[in-house]
Novice: 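Sharing a structure, written as C-alpha cells. Questions coming.
Every chain is numbered from 1, with letters handed out A, B, ... down the list of sequences.
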There are 2 protein chains.
Amino acid sequence: MVTLAEVAQHAGVSASTVSYVLSGKRSISPTTRQRVEESIRQLGYHPNAGARALASSRSNIVALMIPLRTDMYVPVMMEIAIAVATAARTHGYDVLLLTGEEGPDAVRRVTGSGLADAMIVMDVELDDERLPLLRGTDRPSVLIGLPADPSGLTCVDLDFRATGALCVEHLASLGHRDLAVIGEAPGVYERHTGFAERTLEGLRGRARELGVRLLHRPCEGGYDAMALTLARIFDERPGTSGFVVQNEAAVEPLLALLRQQGRAVPEDVSVVAICPEQVAVQASVRLTSVAIPAQEMGRRAVEQLVAKLDGRGSDEVVLLAPELTVRASSGPAPQV
Amino acid sequence: MVTLAEVAQHAGVSASTVSYVLSGKRSISPTTRQRVEESIRQLGYHPNAGARALASSRSNIVALMIPLRTDMYVPVMMEIAIAVATAARTHGYDVLLLTGEEGPDAVRRVTGSGLADAMIVMDVELDDERLPLLRGTDRPSVLIGLPADPSGLTCVDLDFRATGALCVEHLASLGHRDLAVIGEAPGVYERHTGFAERTLEGLRGRARELGVRLLHRPCEGGYDAMALTLARIFDERPGTSGFVVQNEAAVEPLLALLRQQGRAVPEDVSVVAICPEQVAVQASVRLTSVAIPAQEMGRRAVEQLVAKLDGRGSDEVVLLAPELTVRASSGPAPQV
DNA sequence: ACCCACTGTCGAAGCGCTTCGACGCAGTAT
DNA sequence: ATACTGCGTCGAAGCGCTTCGACAGTGGGT
C-alpha cells in the first residue's frame, strides 16, 4: 500500500502538504498542487480510510437502517436504498447497510464506534424504540418516515395523511359514496408503522368530512387472502364502488378478482392505488395512483443529512406533497 | 467518547490487557477478564472503528456491490442483500453498500483505501469488467453469479443451466413438444448477464436432447409487452403448450392473458416459473416453479468470504442445485 | 534444588493520517 | 527603511488501537 509519506517524498514535499492538497483546507500553490497530484497518480495512491477516520474522527460513512422484513414494500425500500447510496456518493459518503434486526443496539454500536458519521433510519414506527437514542446522540440522523412525535428529529416522508385524503377526495368527487381500503398486512398496523397509520388517518378524516363511508381492511398479499377480504367487503357493504389499495401484493389479485366477478373497472368500481409509479403503469389496468417517490425520498434524506453534517440545516420535517395521477382505473360512480 | 485507556485505568490494568480481553488473542485470567468487562460495561465503552482498522489493518467491513438498475429482479436482490447483511453480522462484519454505478472504480476505491476487507459482487456479467480487478487484488471476493470464466474467483449461484434443463425436462415429461420461454428484458441479455444466458443454455441444450422445440423471447415486464410477445409466440408456434417464465414482471400478465384467451392453465397450457418462492405461491395460479434461493445465496456467499478472510477456503464455484416444485400450473400436454 | 516452559501482564512502538502552530518570504502600507 | 499581513510550506504531536517482545511469577519434571 502506498502511503501519504511516500507520495510526499516522491513529490518532494512534506506529508502535511500532501494532506492539504487532498483536503483543500489550506491554500497550495498551483505548481506544488500539480506536482503532488501527479505523484498521487503515478503511485496510484489511495488514502487509508482507517487512518483518516482516526485522525479526523470522520469516517465519511453514513449508516442506513433498512427493515429486515421482506414482507412489504420491497421495491420501494430497494429504490430508496439505491437512491441513498447514489446520493451519498455524490457527497463523498459511503453507505453502511444495517438491518433492523439489531434494533437499537445497532444505533449504539455504530454511533459509539464512530463507524458512521450519521444515520438514516427507515421503516419508522410511530413510537419507535430507536428514537430516544437518536435524539440522545450528537450524531446527525434522518428518518425516512414520520413517528408520532418528530420533535428533535429530522424526517423525510411522503405526506401519507394528505395522500389518504387525496385518494378519498378523488373518489368522492367522482360520486363514490362507499369506499373500501385494502391495506397492508395486519402486522404492519400492529407494529404501528407510521406511514400506514397516517394514511389511514387521512383516509378516514377526509371521508368523514365529505360524508362518505369507508371500510378499512388490512390484507396480506396474494390471491387467497385478497379473495377472502374482498368477499367480506362486499358482504358488509354491497354498494362499495371505490377502492383504495395500499399494498402492492394485493393490487393484481384485486383487479383479477373484480374482473372474475364481472365487475368492470372503472365502470362498476374505481380503484386508486398508493404505490410506486411502475406498479401502477404495469398493472393489468393502468391504475389511477398516488406515486410513492422513493428516489426523491432517498435523495432528500441524504441532502438533509449532509446539511446537518456540514453544520447547516436543522431539525425539520420534510413532507413531500402527494400527487394523484388519473389513469384508467377510476371513473364516475355507477348510477344506482 | 470513552477510550481503551480509560477502561484500562478504571479496571486498574494496562491498555494492552484490555485489548487482549477484547480480542481474545492472549490468555487472560478470569478475574482480570471480569474486572475489565465490568469496566467496559460501566463506562459504556465502544472500540473506535477507525483506530482499530488503522492498527490492525482490518476494517471488519465487507462491501456488497448491488446493481443500480431497479428494472429486474428487485425482490431477489433485496433478499440477497438482507441475507448478506444478516449473515455478515453473525460473523462480526458490517456491510458497505455499493451501487454498480461506479463500476470498476468502486473496486479500486474500496480495496485501495482499506475501507472493506473483502467484497461480494452481484449482477455479474459473463465477461464483467470488474473481474480482472478482483483477480488482481489480494482482498478476498465472492461473486453471486457466474461469469464465463470463473477461474481464480469464488462464485456462488443457483445452477441456472441445470435450472433451465430441469424446466424443459418437466414439461417434456408431461408430453409438451412445443415450448416457449418468456425471458428477462432484452437489456439483460444484451449485457450478457450470467444467469440469464446460462438458463438459456440449459433450456436449449435439454430441449435439443429431448427433441422438443423451444422458442425464446425476451420480454419487458407489464401487460402490453407481454401481450405482444404472446401474440407473436402463438403466431409462430400455434401448438405451443408449455411456457417457462423467467421474469417476475411477466408472470401475472402471462397468466391473465392466457385466461383471457380462453386457454386454461394447466389443461391447455402449462407454465413453469423461475422465481422466488413467494411469487410462485402468490400468483393467481399457484405456479410450478424452480425457486431462486436468495437467502441461501446470500448466506453462502458470506460464508465463503469469511472462510477466505480466515485463511480457510479457496477459489471455488458453489452451484446450488435447483429444485422444481410442482404446483397447479403444469399438467399433461393436451391431446392433439 | 534447579531449570524450563508456560501463563498473565505490561510498556512501547507504531498504523497512516489530520491539524495546529511556526516560520520564511513575498508584497503592501507606513 | 520598518512593521505588518498573507500565503505556502513544514514539523511534530497526536487520534485510539493492536501487537510484539519482555518479564515476573508459578508449577512440573528431573
Novice: For A:Lys25 and B:Arg35, find the nucleotide of DNA chain C closest to each by heavy atoms; which residue's nucleotide sits nearer the 5' end?
Specialist: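 Its nearest nucleotide being more 5', the pick is B:Arg35.
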Novice: OP1 or OP2 of D:dT9 less than 4.0 angstrom from a side-chain nitrogen or oxygen of A:Ser29, does that happen here?
Specialist: yes
Novice: Once you round it to whole Å, what is the distance between C1' of D:dG11 and CZ of A:Arg26?
Specialist: 12 Å
Novice: Does a nitrogen or oxygen in the side chain of A:Ser14 sit under 4.0 Å from OP1 or OP2 of D:dC10?
Specialist: yes
Novice: Closer than 4.0 angstrom, basic N to acidic O: yes or no for B:Arg299 and B:Glu296?
Specialist: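 Counted as a salt bridge, because a side-chain N and a carboxylate O are separated by less than 4.0 Å.
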Novice: How is B:Ser19 classified with respect to the nucleic acid when contacts are heavy atoms under 4.0 Å: base, sugar-phosphate, or nothing?
Specialist: base
Novice: Rounded off to whole Å, could you give me the CG-to-P distance for the A:Asn60 and C:dT18 pair?
Specialist: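 Answer to the nearest Å: 10 Å.
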Novice: Could you give the CG-to-P distance, from A:Leu54 to C:dT19, as a whole number of Å?
Specialist: 12 Å
Novice: Using a distance-only criterion (donor-acceptor N/O pair, under 3.5 Å, no hydrogens), is the base of D:dC7 paired with the side chain of A:Tyr20?
Specialist: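 Under the 3.5 Å cut-off, the side chain and the base do not form any donor-acceptor pair.
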Novice: Classify A:Ile28 by what it touches in the nucleic acid, base, sugar-phosphate, or nothing, heavy-atom distance under 4.0 Å.
Specialist: sugar-phosphate
Novice: Go through A:Ile120 and A:Met65 one step at a time and tell me if the side chain to side chain contact (heavy atoms under 4.5 Å, CB included) criterion holds.
Specialist: CA-CA 6 Å; A:Ile120 295 179; A:Met65 269 187 100; over 6 Å; no
Novice: Would you mind telling me which of D:dC17, C:dC10, C:dT18 lies closest to the side-chain atoms of B:Thr17?
Specialist: C:dC10
Novice: Hey, which sits more toward the 5' end of DNA chain D by its nearest nucleotide, B:Ser23 or B:Gly50?
Specialist: B:Gly50
Novice: Rounded to the nearest angstrom, tell me the gap between atom CD in A:Gln9 and atom C1' in D:dG11.
Specialist: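 After rounding, the reported distance stands at 16 Å.
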Novice: D:dG8 C1' sits how many Å from A:Gln34 CD, rounded?
Specialist: 15 Å
Novice: Could you check whether any side-chain N or O of A:Asn48 sits under 3.5 Å from a backbone N or O of A:Gly50, counting only pairs where one atom can act as donor and the other as acceptor?
Specialist: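 Judged by distance alone, yes, a pair lies under 3.5 Å.
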Novice: What I want to check is whether the side chains of B:Glu38 and B:Gln34 have a donor and an acceptor closer together than 3.5 Å.
Specialist: no
Novice: Quick one: is A:Arg52 getting a side-chain N or O under 4.0 Å of the C:dT18 phosphate, OP1 or OP2?
Specialist: yes
Novice: For A:Leu22 and C:dT19, what is the distance between atoms CG and P respectively, to the nearest whole Å?
Specialist: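 About 12 Å, once rounded to whole Å.
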Novice: Just the rounded figure in Å: distance from C1' of D:dT18 to CG of B:Asn48.
Specialist: 13 Å
Novice: Quick one: is A:Ser27 getting a side-chain N or O under 4.0 Å of the D:dG8 phosphate, OP1 or OP2?
Specialist: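 Yes, A:Ser27 has a side-chain N/O under 4.0 Å of OP1/OP2 on D:dG8.
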Novice: Run the side-chain hydrogen bond (donor to acceptor under 3.5 Å, both in side chains) test on A:Tyr93 and A:Arg58 for me, step by step, so that the C-alpha distance in whole Å, both residues' side-chain angles and the decisive distance to 0.1 Å come before the verdict.
Specialist: CA-CA 10 Å; A:Tyr93 288 90; A:Arg58 293 284 239 103; 3.2 Å; yes
Novice: For the pair made of CZ in B:Arg33 and C1' in C:dT9, what is the distance, rounded to whole Å?
Specialist: 13 Å
Novice: Would you classify B:Ser16 as touching base, sugar-phosphate or nothing, given that sugar-phosphate means primed atoms plus P, OP1 and OP2, and contacts are heavy atoms under 4.0 Å?
Specialist: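 Counting heavy atoms under 4.0 Å across all strands, the contact made by B:Ser16 includes a base.
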